[in-house]
Structures are given as C-alpha cells and as structure tokens.
Amino acid sequence: MNIFPWAKIYIPPLDFSLPPLKLSTAQGEKVFTEETFTMYVCGITPYDSTHLGHAATYLTFDLINRYQRASGKSVSFVENVTDIDEPLLERATRDGVDWKDLALNQVQLFQGDMAALHVIPPQFFVPATSVMGLVDQAITKMTSTGFVYSIDNDLYFDVSSFLKDLPIPYDEALSIFAERGGDPLREGKRDPLDPVLWIANRNDEPGWESSHGFGRPGWHIECCVISLRYLLGERFLSESKGEYLIDLQGGGSDLIFPHHFMSGAQAQAMLGISFARAYVHSGMIGLDGEKMSKSKGNLVFVSRLVADGVDPMAIRYALMLQRYSEDRMWTNELLEKAQSALARIRLNLSKSEVAPAHTLISQLASSLSSDLDTPEALKAIERWCYESEENPTVDEAGVVSRALDSLLGLAL
Ligand code: ZN
C-alpha cells in the first residue's frame, strides 16, 4: 500500500501491435523486447512546488510507461520521495514548520500537479523515511562485502572500484560532487568522492535507530534500496542472477552524477551485478533563453499555470514539442502553439467522419519507439488533422481519441 495514496488514471486499451521500444542512452541504444519491464524513477524532495523541469522529467517516464503498457508488457514502476534531506530540513526551519508537515503538504501538491498532467502514478511511491530498516540491512550487507568505513561514526561507501565507470572526468566529478551536497574535503576519506551512507545524528536533527547507530541515511543508498526492494521483492538482498538488476533507472540529467552513479555502484557492491540496463535522463528546461533555477527566481510552476487557466493538456503537449533528452527552453510561443494545435485536434475529434486511425497509430508507434520522438509524433497528429479536414472517410474519431490518450497521455 502506498503511504501517500495517489488517484488512479484510466488508460484506454489500444488494440494495436507495437514495435519494441528503443532508447538511446550514454551506454548505447537499448531495445526492450522482454515481456516484463522494471523502471525506477527518482522522485522529488518535497519542499517546493512542481516546476516545468519536474513536469518534463515525469512526463518522459510516463511516455515510456504508457508505451510499454500499450505494448502489452508487464510494467513495474517505482518512484521514491526523498522526504528526509538537507534542503527539506532547511526549508522547514526557515518557515518555522514541522518538516513532516512540509513534506506531506508538498507531496500532495505534487500528486495534484501530476494528476492534472495525466501522469500515471507509480505502483509504489515510497518515502525514504519508510525504508530505514532496509537501509540498515543494506549497509550491513555492504559492510560484509568490504565497501564500508567509518569516520567519527559517519559511514562512507568506498567507491574506488567503480571509478573506472565514472560518466564524467574525475575533476569535473569532484566539483559537481561538492556542489550537490558531497564533502570531498573531509579528513579521513579514502577517496574524496566517497559518498556518505549513514549520517550519525547531530544538532537534534531527525534520526532513526539502526545497528549502525542513531542517525539518518545518505541520499543515494535510499534510492538504491527502494528500487531493489520494490522491483525485486523480498529477494532484494540476495539476488545473484542475470546481467542487470533492473531495466531502467530514470531522472533528470542533473542526476547522472553523483546520484545515479552512486546508487548504481552501491547496488552492485551489494549484489555483484550491474544495477540498471539503461540509464535514461531527461534534459533541463530553461525559460526564455535562461537556465531555470531557484536562485534566479525564474521557475515556472505547473500549479501557477493551471491556476492562471492554462489547460494542463497544453502544458503536456508543449513539453512534447521538443525531444525529451535535450536541454530546451519554455516560451509563451510554445504554449500558444500547443493551445492552437489542441483546439484543432479537438475540433476534428468531434466530427463523425475523419481520416483513418490505423495510419496515425502506426506513425505514433513508430515515432515513440524511436527514442520517444514526440516532435515527430505530434507532426503525425497534424497530418491526421489535415487529412480529416480535407478527406474524411471513416467513423474513427473515438479510436484516435483513445490512442492519443493511451500513448501520449493526451486526454481530450
Ligand atoms: Zn534517486
């Protein structure tokens, strides 16, 4: 049962044979032909509203989820909530609120935004605070395989044997590690990049009892255990077969290093098998030519747009006008383009005679299976609109409507 209940979203059935999904990753092209599909997506730290960067990320993995389901695969999809972390504690202290109330409140806002954007909820939406026992067991397991050491009761992960697989040059990794909460300069570390696994309690911060002392976990180990426990089940501490533990690890491109590298290394240190077959990352969203960031104060929030009367389907459509993997800009022109395209599609869907559905569905499948080529998919819809206006021949608007919902999450 999910601790944070999340309303279900209806997915219309699609009776159409789809080509296997191909995704381009830093490790090469991956084709998913198996009948099962396991996907872990890194969730939010609940201290701020859902901005368009979050929306673009969760939309990317929703498209993968939708495509695999429509292909008849058995999909297992898990997402976490980092409901204990420095930024959350800092924000709670700044605002004089209880960190648990802040987290609950922000998770509910996030779920509301996702529901508006028609994102299918994960089967398991797991708060980090619910897995302290599992983290304890995982650290014990990693200690037994020789990857753990202690500095003043804080436990560190020895990453040295994985550094040959660093996704970026070491010097770059070092500066990003420091920017994103790492402590490369701490005395006593075996390698400056070693991440913390367990932080001993200090300054009355929240903590949990464990066999490693009273404290709280580092960020990477949380995602490592949540993904393994909820995708592999009870065998998560003993899995020892296969080439990979899960099919896909996903998130924004800001998670490539250190987060995804470290959680993957920790899973491998525990079980001796590579973590994810594919690491898939969505690009960053900027605003009118500038990087969107909290420090610049130019974040565009989904809830703000919706409160201003913007159709959430137009936000979804606008985000699909460009490739998921690219860093891209959000502009008013993009939103206006999406709004007028949706008005045209809705008009055609309301007609009794339209262009045939199968040509369109086949083009949607072909584009989406090619590394989620959403710009090409949206062009196919434009062509279908044009054909429906010029040469309507069949009563298939309902079939098209269900396909747009099923494959692209456009509920019109
Ligand atoms: Zn994560």
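Remember, it's 1-based here, ligands and their atoms both numbered in the order they're listed.
Counting only N and O atoms by type, the side chains of Tyr324 and Asp371 include a donor and acceptor under 3.5 Å apart.
For the Zn ion (ligand 1), the count of nearby protein N, O or S atoms, meaning those under 2.8 Å away, is 3.
Seen from the ring of Phe32, Arg277 counts as a face-on cation partner, given the 6.0 Å and 45° thresholds.
Under the rule for a ring-ring contact (aromatic ring centres under 6.0 Å, His included), His118 has no partner lying at least two apart in sequence or in another chain. The side-chain contact (heavy atoms from CB on, under 4.5 Å) check on Glu209 picks up Phe214, with sequence neighbours excluded.
Legend: side-chain hydrogen bond (donor to acceptor under 3.5 Å, both in side chains) pairs involving residues 172-184, not counting sequence neighbours, sorted by first then second residue: Tyr156-Asp183, Asp183-Lys189.
Considering only heavy atoms from C-beta on, Pro46 stays 4.5 Å or farther from Gln108 through its side chain.
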